[in-house]
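Okay, structure first, notes after.
Numbers restart at 1 for each chain; the letters A, B, ... are given by sequence-line order, proteins then strands. Computed over heavy atoms, backbone and side chain alike; hydrogens, waters and symmetry mates excluded.
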Amino acid sequence: MDMKYPFDEFEREVRQKLAERGYPNAKIEEPKEEIADLAFPCFHLSKIFKKPPDKIAEDIAKNIGHGKWIGKVEAINGYVNFHINIKELANVVKEVGKDFGKGKKKNITVIVEHTSANPTGPLHIGRARNPIIGDSIARILKFGGYDVKTQYYVDDMGKQVAILLWGIKNLKIRSDEKRLHYKYVKFYQEAAKLMEEDEKIRDEISNIIKKCEEGDKKVLEEIKKVYKPVLNGIIESLHQINISIDEFVEESKFVINGDVYNIINKLASLKYAKKDGRAIYLDLEDFGIHGRSKKFFLTRSDGTSLYAARDIAYHIWKGERADMLIDILGEDHKLEAEQVRIALKLLNEKLPEVVFYSFVSLPEGRMSTRRGKVIYLDDLIEESIERAKKEIRNRNMGREKIDYISQNVGIGAIRYNIIKVNPDKSIVFKWEDALNFEGESAPFIQYAHARCCSILKKAEIKEKSNYSFNHPSEIKLIKTIAKFPNFVRKAINNRNPAIVAEYAYKLASDFNAFYRDCKVIGSKEEQDRLALVNASKQILASSLNLLGIEALEEM
RNA sequence: GGGUCCGUAGCCUAGCGGAGAAGGCGGCAGCCUUCGGAGCUGCAGAUCAGGGGUUCGAAUCCCCUCGGGCCCGCCA
């Protein structure tokens, strides 16, 4: 059994009471918090009973009575409004610890695939949305009781990486760039340009791809040697923003072990399979894909496999290793993901859930590595940490502490600013927003946490058997704290970390209001309030951890 | 041409069938007789892109139009 959480118990009781009065499966809703904790609208009953909604609500409210969790019931404007019993709720402060909000162990394994960027250059801020979403989802699912592993699918045999290899072997480019992967990206860019202009180069690159397909060990080794430093650079950037990936899976694996060709053969035997010259494709007309998009190519006419075909093999392989698959993909992959999904369905294989995110662009327009219109993640990180350092450098702290704090504030700000917006909204990157340390931002939340710590350091908590809260700001805060498990659940169900981000901000904001209105140390409610501060601290820390942001004790 | 997502105050975002549309940034005016000012309070600012429809009730659901992103490659 999951732990019992107050707002679940409260809702259960409300539903039970309504069912007893003849309203089973009632549609109840959560109104604005100033109004009530739960409400039952009676408008739809008006026709049935031939009475105005107000009257119906009044009749119901009169007959409900109190309960363990129901404190007050009243009828207003055609709603039956339920208020949670604060006396009962107050004692959750005793339950709130690190595990508050955690789901029970589910024995469900999940593979979250994220980032999977081509190892041909450093991550730019557009691609950074992927790992930040993926890592946060992985953290939230783990907290919810799932066994989660993250994977990065390394494209070590596509055109991109072949272009990079060709460039490094054939071009001479001078660069004073010290970091190897930054140097390499220049080779890639130049090679890609030359390839477009020159058919001979195009053939040479095709030849590299063909060799890979044949499982040519020497070429695959050469490729690995070139992409490895680039991938290491990416791993390092990710590490900086608190992201580490459990497993790296090379695409070539599925060509070498024959999976790709077995799958292509299987698909080629289906009635949807057709040929264009010697290239094999699936006709997806019957699956609701029309127009030019309906041809889903699996092979080139030279017999080599295409990315999407290999992706099918990868998904089947993943499906054998986990109960649930989640992919984080940019919206540009929507069609490809749908095609892969249809193929997997035809093969009767496990289907992935895909979380898509919209693009990050610059005020001048789309990011483009070619035209040099990019902002690299590393530069953002550096700038953000620098900005955080400026804020605290005059404080009386050791250098190590200053570094530690500015590191975590800077990174927190980056992660928060990206994760707080729903993935389906596009983002126009602006430095002033990305480096915002005020208001709806990580530092704001971290600051509230540090305040909690500071208060707790100055006083001693003594356990009480019964807690009570009376000030409106105390009540608002304890309610928000108690709702944490509900928000975690919602974030899991929607696969959306933005829900946790928004919650964390509200918690911090409610804590600040409490801090403003209620003196803790030296007050006659000191012990009750210390318990409330401690609970706030715990949940602020839990929320931040779910987003991969460090809960700082001082800043 | 086909598909898909988005359009909420100057800017960014929440709400996605129910009760004066909720926050942040920016602007203006305030709050240090000390529990951390990366904070707090107040003010100004919204035909919820536009038009139809469904409903007792629509920012929210359906249709159309307009604007923008992304895709429609034997690239990944």
[X] has a side chain; which of [options] sits nearest to it?
X	options	result
A:R292	B:rC5, B:rG1, B:rA38	B:rG1
A:R300	B:rC56, B:rC75, B:rA19	B:rC75
A:P31	B:rC5, B:rA38, B:rA19	B:rA19
A:K430	B:rC56, B:rC40, B:rC12	B:rC12
A:K334	B:rC35, B:rU4, B:rG24	B:rU4
A:F297	B:rC74, B:rC40, B:rU13	B:rC74
A:K159	B:rU13, B:rG73, B:rG39	B:rG73

Within the structure shown, what part of the strands sits under 4.0 Å from [X] by heavy-atom distance: base, sugar-phosphate, or nothing?
X	result
A:L335	sugar-phosphate
A:D311	nothing
A:E438	sugar-phosphate
A:R278	nothing
A:A39	base
A:I76	base
A:E285	nothing
A:K458	sugar-phosphate
A:F444	sugar-phosphate
A:D433	nothing
A:R395	base
A:N81	base
A:Q446	nothing
A:R516	sugar-phosphate

Check the side chains of A:E336 and A:Y307 for a donor-acceptor pair under 3.5 angstrom, ignoring hydrogens and angles.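 No - no donor-acceptor pair under 3.5 Å links their side chains.
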
If I take atom [atom1] in residue [X] and atom [atom2] in nucleotide [N], what distance separates them, rounded to the nearest angstrom?
X	N	atom1	atom2	answer
A:N436	B:rG23	CG	P	18 Å
A:I418	B:rU13	CD1	P	13 Å
A:K47	B:rG57	NZ	C1'	11 Å
A:N394	B:rA38	CG	P	13 Å
A:W431	B:rC11	CH2	C1'	19 Å

Tell me whether A:Y515 is stacked on the nucleobase of B:rC35, counting only the six-membered base ring and applying the 5.5 Å and 30° thresholds.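 The base of B:rC35 is stacked with A:Y515 (centres under 5.5 Å, planes under 30°).
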
Report the base-pairing partner of [N] (Watson-Crick or G-U wobble, both distances below 3.5 angstrom), or none.
N	answer
B:rG39	B:rC31
B:rG45	none
B:rG1	B:rC72

For B:rC25, glycosidic torsion class - syn if within 90° of 0, otherwise anti: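 B:rC25: anti.
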
With [atom1] as the reference atom in both, quote the distance from [N] to [M] in angstrom, rounded to an integer.
N	M	atom1	result
B:rA58	B:rA19	C1'	14 Å
B:rG51	B:rU60	P	12 Å
B:rG42	B:rG17	C1'	35 Å
B:rA49	B:rC35	C1'	49 Å
B:rG20	B:rU33	P	41 Å
B:rC12	B:rG57	P	34 Å
B:rG45	B:rG7	P	25 Å
B:rC61	B:rC6	P	9 Å

Identify, between A:E502 and A:V409, the residue whose nearest nucleotide on RNA chain B lies closer to the 5' end.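 This one resolves to A:E502.
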
With RNA chain B as reference, determine whether A:Q339 or A:D332 sits nearer its 5' end, using the nearest nucleotide of each.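 Of the two residues, A:D332 wins.
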
So, do A:Y152 and A:F248 have ring centers that fall under 6.0 Å from each other?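 Yes, they do, as the ring centres are separated by less than 6.0 Å.
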
Would a line drawn from the ring center of A:Y505 to the ring center of A:Y416 be shorter than 6.0 Å?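 Between A:Y416 and A:Y505, which both carry aromatic rings, the centre distance is not below 6.0 Å.
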
Say whether, by atom type as modelled, one donor and one acceptor occur between the side chain of A:S206 and the main chain of A:R202 under 3.5 angstrom.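 The answer is yes, because a donor-acceptor pair under 3.5 Å joins these two groups.
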
If only atom types and distance count, is the side chain of A:S46 paired as donor or acceptor with the main-chain N or O of A:K51 below 3.5 Å?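 Yes; at least one donor-acceptor contact below 3.5 Å.
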
Contact check, side chains of A:V533 and A:R451, non-hydrogen atoms, under 4.5 Å: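 No, every pair of side-chain atoms sits at 4.5 Å or beyond.
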
Is it the case that the base of B:rG69 and the side chain of A:E331 share a donor-acceptor contact (distance under 3.5 Å, atom types as modelled)?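 Yes, a donor-acceptor pair under 3.5 Å.
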
Parallel, tilted or perpendicular: rings of A:W317 and A:F254 (30°, 60°):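 It falls in the perpendicular class, over 60°.
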
Give me the ring orientation class for A:F511 and A:F514: parallel if the planes are under 30° apart, tilted from 30 to 60°, perpendicular past 60°.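 Answer is tilted, since the angle falls between 30° and 60°.
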
Looking at A:N422, I'd like to know whether one of its side-chain N or O atoms comes within less than 4.0 Å of OP1 or OP2 on B:rG15.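 So the side chain of A:N422 is within the cut-off, an N or O lying under 4.0 Å from OP1 or OP2 of B:rG15.
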
When rounded to the nearest 0.5 angstrom, what distance separates NZ in A:K476 from NZ in A:K506?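 A:K476 atom NZ to A:K506 atom NZ measures 5.0 Å (nearest 0.5 Å).
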
